[in-house]
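Comments concern the structure below.
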Amino acid sequence: MLWLDIGNSRMKWLYGTAADEHGGALAYQQPDDLQSAPIWQAIPKGTPVWASSVANPSVRQAVETAAKQIADANVHWARSEQERNGLRNSYQEISRLGVDRWMVMLAAWQQEQSAFVVVDAGSAITVDYVDGNGQHLGGHIVPGLNLMTRALFSGTANVKFNALNWGEIGPGKSTEQCVHHGVFAMATGYLEYVLAQWPGAREARWLITGGDALRLQSALSIEAEWRPNLVIEGLQIFAEER
Ligand SMILES: Nc1ncnc2c1ncn2[C@@H]1O[C@H](COP(=O)(O)OP(=O)(O)O)[C@@H](O)[C@H]1O
Ligand SMILES: CC(C)(COP(=O)(O)O)[C@@H](O)C(=O)NCCC(=O)O
Ligand SMILES: [K+]
């Protein structure tokens, strides 16, 4: 089985048999970039593929084409649901909830069976709160570290630079430092706000995933369990019983 987690910045994969398990990630600009992922050449022809995607339909199309042409494989797409295994979606319009958010909640709920907050720090930072009965209480969507930085780059004339270096929040003494420290303070300060203001959040278990998870985890005042493959773990639950 090949498992794919397709976000707005990167495709992450896990190919698994007990004897042979490997994972990887590829950042993409254009949908077709994903056709060059090395995983397509690495899997046996006809391998079943399960995927969660929050990218646009042309990305889905590119993935289906690569799977078919290179690996003769069909792709099964996960979707958000009203209820599964006692976990209940709070959205009125079920399918509007990002499927990656549903996947991480499924994985977290299976493990915890008690109240949890799950943070997915990718292109966007999503935070979802589930109570001890499996009821999704709702969540937040805010821009991630990269997106916040790019918003500054695109909306100002003199704030532009390359290397990205997160982790500090003190006063900066260069454009790079001022942006890095400030944006990191926004993200961590925001999460501390959720922790302090959502009733019961401090008593809940916290889990964190996504490309910026480790950086944020180390800055949080609450212990959040780092689970790098949480979307794929949810996908495996989704694929189990249909
Ligand atoms: N090679 C990379 N390309 C893009 N983002 C990266 C890369 N390595 C780490 N990141 C960080 O990961 C974040 C994106 O996380 P990820 O979980 O891959 O996003 P998404 O699921 O939205 O595709 C960015 O904010 C960035 O800081
Ligand atoms: C919020 C998201 C953009 C996060 O995507 P990501 O950062 O993982 O690329 C994605 O879950 C999404 O497109 N959600 C749909 C809107 C919603 O969940 O309400
Ligand atoms: K996310």
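Remember, it's 1-based here, ligands and their atoms both numbered in the order they're listed.
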(Q) Over 60° means perpendicular and under 30° means parallel, so tell me whether W50 and F238 are parallel, tilted or perpendicular. (A) perpendicular
(Q) Quick check: closest heavy atoms across S36 and L26, and the distance to 0.1 Å? (A) OG-CD2, 4.1 Å
**Q.** Nearest neighbour in protein (non-hydrogen) for atom 25 (O) of ligand 1
**A.** D212 OD2, 2.6 Å
Q) Do you know which N/O/S atom name in D120 is closest to the K ion (ligand 3)? A) O
Q.
My understanding is that we take every heavy atom of each candidate and find the minimum distance to atom 19 (O) of ligand 1. Doing that for G7, S123, A121, G98, which one comes out nearest?
A. S123
Q.
Restricting to side-chain contact (heavy atoms from CB on, under 4.5 Å), what partner residues turn up for N56, sequence neighbours left out?
A. S58, V59
Q) Is L147 reachable from F153 through a run of I, L, V, M, F, W or Y residues, each pair having side-chain heavy atoms under 4.5 Å apart? A) no
Q. Under a strict 4.0 Å criterion on non-hydrogen atoms, which protein residues are in contact with ligand 2?
A. G7, N8, V54, Y91, R96, L97, G98, D100, R101, G122, S123, A124, T126, I141
Q.
How long is the straight-line distance from CE of M103 back to CZ of R79, given to the nearest 0.5 Å?
A. 9.0 Å
Q: Report the residues that fulfil ring pair (Phe, Tyr, Trp, His ring centres under 6.0 Å) with H181, sequence neighbours left out, ordered by chain and then residue number.
A: none
Q. Taking the minimum heavy-atom distance to atom 16 (P) of ligand 1, which of G211, G144, S53, S52 ranks first?
A. G211
Q. Which of parallel (below 30°), tilted (30 to 60°) and perpendicular (above 60°) describes W166 and H180?
A. perpendicular
Q) With a cut-off of 3.4 Å, does any N, O or S atom of A124 fall short of it relative to the K ion (ligand 3)? A) yes
Q: Could you tell me whether K12 and ligand 1 have an N or O pair separated by under 3.5 Å?
A: yes
Q) Starting from atom 5 (N) of ligand 1, which protein heavy atom do you reach first, and at what distance in Å? A) N146 ND2, 4.0 Å
(Q) I need the full list of salt bridge (Lys or Arg N to Asp or Glu O under 4.0 Å) pairs touching residues 184-206, with sequence neighbours left out, sorted by first then second residue. (A) E112-R205, R205-E225
Q) W77 versus I6: any side-chain heavy-atom pair under 4.5 Å? A) yes
Q) Are the side chains of T65 and Q35 in touch, meaning some heavy atoms are under 4.5 Å apart? A) yes
Q.
Please work out, at 4.0 Å between heavy atoms, whether the side chain, the backbone, both, or neither of A27 comes within that distance of ligand 1.
A. side chain
Q: Identify, by atom number and element, the atoms of ligand 1 in contact range of G210, meaning under 4.0 Å from any of its heavy atoms.
A: 17 (O)
Q | Distance from atom 8 (N) of ligand 1 to nearest protein heavy atom, with residue and atom | A | R10 NH1, 3.8 Å
Q. Do you know the tightest heavy-atom contact between T175 and N158?
A. CG2-O, 4.2 Å
